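Keep in mind it's a predicted model, so treat the numbers as computed, not measured. Heads up: numbering here begins at 1 and tracks the sequence. Computed from heavy atoms alone, side chains included, the values below leave out hydrogens, waters and symmetry copies.
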Amino acid sequence: MACGNLMKLSEDVGIYIFIRLPVKSLMRFKSISKALYVLIGSTTFANLHLNHATITKDELILFKRSTKEQSEEFKNVLSFISHTGEDGYIPLQPDLNVPHLTNDYGSLFHHLIGPCHGLIALTDSVVTVLINPATRHYRQVPPCPFGCPKGYHRTVEGVGFGFVSILNDYKVVRLSDVFWDPPYRYAEGRDSKVDVYELSSDSWRELEPVEVPPIYYLSCSEMIYKEGVHWFASKEKVVILCFDIGTEIFRNMDIPDAFYSIRQSRYGLLVLNECLASICYNDPGCAIDPTQDFLHIWIMKEYGISESWIKKYTIRSLNVESPLSFWKDQFLLVESKTGQLIYYDVNSDEWKELGLQGYRTSLRVIVYTESISSIHSGREHATQVQRF
């Protein structure tokens with residue numbers, strides 16, 4: 001066998017082995033030699049590693065919560081959970097304190113968005129931080145430079161984050177309402193603005209004016225699915241608003257018709273059985289007859305086709321503040337009314353506590369697959385990639 005073939009065989013065997021290693025081990029191997037540094041740091045290898053981890057369902061729970069430090073001051077913490085045990089949860093690595101985001105009451109509204117090709121975004125609507133939890137690299141997205149004319153007021157109503165595979169690039173989208181000051185003239189003068197940030201160019205741009213229905217704020221939304229960011233919005237009725245990250249086009253999708261017949265309800269968006277899923281549950285702030293306290297879960301069998309909604313589960317729920325995520329298509333993770341992270345096992349029909357708690361309404365969860373995907377550095381004098 002020729003020497004070139006042997007070298008190629010050796011490289012293929014090495015890649016076959018390395019894509020099966022955890023990120024922590026790969027980061028150590030990068031320091032052994034220049035060849036390994038180049039190989040493991042390449043986009044091609046990062047994609048192979050992520051694809052293998054995705055296929056093998058090597059997933060963990062990434063859990064964000066706020067803890068109260070002093071009067072009206074909060075600290076944001078990310079926890080990593082590998083799987084649950086009989087006595088609660090099993091931590092995978094030490095917790096991370098999230099940088100840059102404000103530590104006041106607004107921290108309760110920080111959203112955890114992703115994962116997108118190995119990266120996540122954590123935002124308080126004003127500041128957005130991109131994070132690779134596995135490598136512990138992060139970078140603050142530069143502030144959006146677009147304001148509004150004098151005599152008007154601008155509020156950020158929704159933030160999205162996604163990966164565009166055809167461009168091999170990440171984008172952040174920001175939806176804003178612009179209205180006349182003072183705010184009580186909102187109904188007369190509302191306008192919508194859409195700003196997009198591209199990581200590769202490290203720049204913001206404002207899209208052409210487009211009519212976007214008002215965002216209906218719910219903690220279990222702002223979800224990425226099939227390279228689209230999804231929110232709930234209020235039109236003549238509640239709809240799912242989708243922004244395609246690649247084409248930068250908006251579209252509306254109906255929620256299941258049955259949801260409109262449930263009074264005092266709230267909604268959530270999840271992924272279940274690789275389908276877009278919608279949850280309807282009772283408003284935790286309202287007095288509910290215990291015999292009527294249920295979670296209703298529907299899945300959209302054909303994405304984008306509202307007529308394809310089918311009911312999957314009806315679950316009795318006596319202590320739910322908000323649904324958070326599905327894990328392994330078996331465990332529904334939710335926040336309880338006391339700020340506990342709990343889950344429902346659809347196979348055993350049991351609720352269990354995980355022994356993790358945060359300030360009420362601050363809990364967020366995503367199911368995360370470790371990746372060595374890198375975060376592009378900013379331009380000169382821009383924000384730079386840092387490490388926890």
Side-chain angles (χ1 to χ4, degrees), residues 19-30 40-41 43 45-67 75-84 89-101 107 110-124 127-141 159-163 170-172 199 222-225 229 271 324-328 331 333 341 354 356 358 362-377 383-388:
I19 62 173
R20 287 159 171 75
L21 296 178
V23 171
K24 189 174 182 179
S25 298
L26 291 173
M27 297 298 286
R28 289 199 298 263
F29 275 114
K30 284 183 68 176
I40 296 172
T43 301
F45 180 83
N47 291 341
L48 289 171
H49 184 267
L50 180 60
N51 288 340
H52 178 267
T54 302
I55 291 171
T56 56
K57 295 290 185 180
D58 189 11
E59 300 171 334
L60 57 93
I61 298 171
L62 188 59
F63 171 54
K64 174 263 169 185
R65 67 190 186 277
S66 295
T67 58
K75 180 174 69 174
N76 298 290
V77 180
L78 288 178
S79 300
F80 304 82
I81 305 171
S82 59
H83 61 277
T84 60
Y89 75 99
I90 299 176
L92 187 65
Q93 55 181 286
D95 291 345
L96 292 179
N97 293 329
V98 180
H100 296 300
L101 299 182
S107 67
H110 292 161
H111 281 195
L112 192 60
I113 310 172
C116 301
H117 217 69
L119 304 187
I120 65 166
L122 190 58
T123 178
D124 62 3
V127 176
T128 300
V129 180
L130 304 183
I131 305 171
N132 183 326
T135 64
R136 299 203 166 203
H137 289 127
Y138 71 92
R139 181 178 166 220
Q140 182 181 354
V141 173
V159 178
F161 171 61
F163 178 77
Y170 298 87
K171 294 183 182 180
V172 174
L199 184 58
E222 292 194 334
M223 187 194 70
I224 184 74
Y225 176 73
V229 184
V271 176
L324 298 173
S325 184
F326 248 106
W327 186 38
K328 299 184 182 298
F331 305 104
L333 295 151
L341 180 61
L354 282 171
L356 285 166
S362 76
L363 276 56
R364 303 288 184 270
V365 164
I366 59 174
V367 177
Y368 178 74
T369 300
E370 284 197 316
S371 165
I372 58 171
S373 297
S374 59
I375 304 173
H376 291 300
S377 298
T383 58
Q384 299 299 311
V385 176
Q386 301 179 62
R387 198 168 190 272
F388 289 101

For this session: State whether the side chain of Arg139 and the backbone N or O of His376 hold a donor-acceptor pair below 3.5 Å, judged by distance alone.
Result: yes

Problem set entry | Least distance between heavy atoms, Tyr368 atom then Pro115 atom | CD1-CB, 3.8 Å

For this session: Side-chain contact test, heavy atoms from C-beta onward, threshold under 4.5 Å: evaluate it for Val127 versus Gln140 and give yes or no.
Result: yes

Seminar exercise, completed: Scanning both residues in full, the closest heavy-atom pair of Asn76 with Ser66 reads OD1-OG, 2.8 Å

Exercise. Does the Arg387 side chain pair with the main chain of Thr135, one donor and one acceptor, at a distance under 3.5 Å?
Worked result: yes

For this session: Taking Asn132 for its side chain and Leu119 for its backbone only, find out whether a donor-acceptor pair lies under 3.5 Å.
Result: no

Problem set entry | CD1-CD1 distance between Ile366 and Ile224, expressed to the nearest 0.5 angstrom | 11.5 Å

Exercise. Strictly under 6.0 Å, is that where the ring centroids of Phe161 and Tyr170 end up?
Worked result: yes

Exercise. Going through the checks in order, is the side chain to side chain contact (heavy atoms under 4.5 Å, CB included) test met by Ile131 and Ile375?
Worked result: CA-CA 8 Å; Ile131 305 171; Ile375 304 173; 5.7 Å; no

For this session: Could you tell me which non-hydrogen atom of Gly160 sits nearest to which non-hydrogen atom of Val229, and how far apart they are?
Result: CA-CG1, 3.6 Å

Seminar exercise, completed: Closest non-hydrogen atoms of Val385 and His137, given as atom of the first, atom of the second and distance, are CG1-CB, 4.0 Å

Exercise. Do Leu26 and Phe45 pass the side chain to side chain contact (heavy atoms under 4.5 Å, CB included) test, and can you show the C-alpha distance, the side-chain angles, and the key distance before you say yes or no?
Worked result: CA-CA 11 Å; Leu26 291 173; Phe45 180 83; 3.9 Å; yes

Problem set entry | Lys24 (side chain) donor-acceptor with Ala134 (main chain) under 3.5 angstrom | no

Problem set entry | Close side-chain approach of Leu112 to Leu78, heavy-atom, < 4.5 Å | yes

Exercise. Would you say the side chain of Leu130 lies within less than 4.5 Å of the side chain of Tyr138, judging by non-hydrogen atoms?
Worked result: no

For this session: Of all the heavy-atom pairs spanning Gly118 and Ser373, show the shortest one and how long it is.
Result: CA-OG, 4.3 Å

For this session: Could you please spell out the steps behind the side chain to side chain contact (heavy atoms under 4.5 Å, CB included) verdict for Val365 and Ile61?
Result: CA-CA 7 Å; Val365 164; Ile61 298 171; 3.8 Å; yes

For this session: Decide whether Asn47 and His117 meet the rule of one side-chain donor and one side-chain acceptor closer than 3.5 Å.
Result: yes

Problem set entry | Side chain to side chain, Val77 and Lys64, heavy atoms closer than 4.5 Å | no

Exercise. Any side-chain heavy atom of Val367 within less than 4.5 Å of one from Lys328?
Worked result: no

For this session: Give the minimum heavy-atom separation between Leu60 and Ile81, together with the two atoms involved.
Result: CB-O, 3.3 Å

Exercise. Would a 4.5 Å heavy-atom cut-off, applied to side chains only, mark Leu363 and Leu341 as touching?
Worked result: yes

Exercise. Considering the options Thr123, Thr128, Ile120, Val172, which one meets the side-chain contact (heavy atoms from CB on, under 4.5 Å) requirement together with Ile113?
Worked result: Thr123

Problem set entry | Under the side chain to side chain donor-acceptor pair (under 3.5 Å) test, residues paired with Ser325 that sit two or more places apart | none

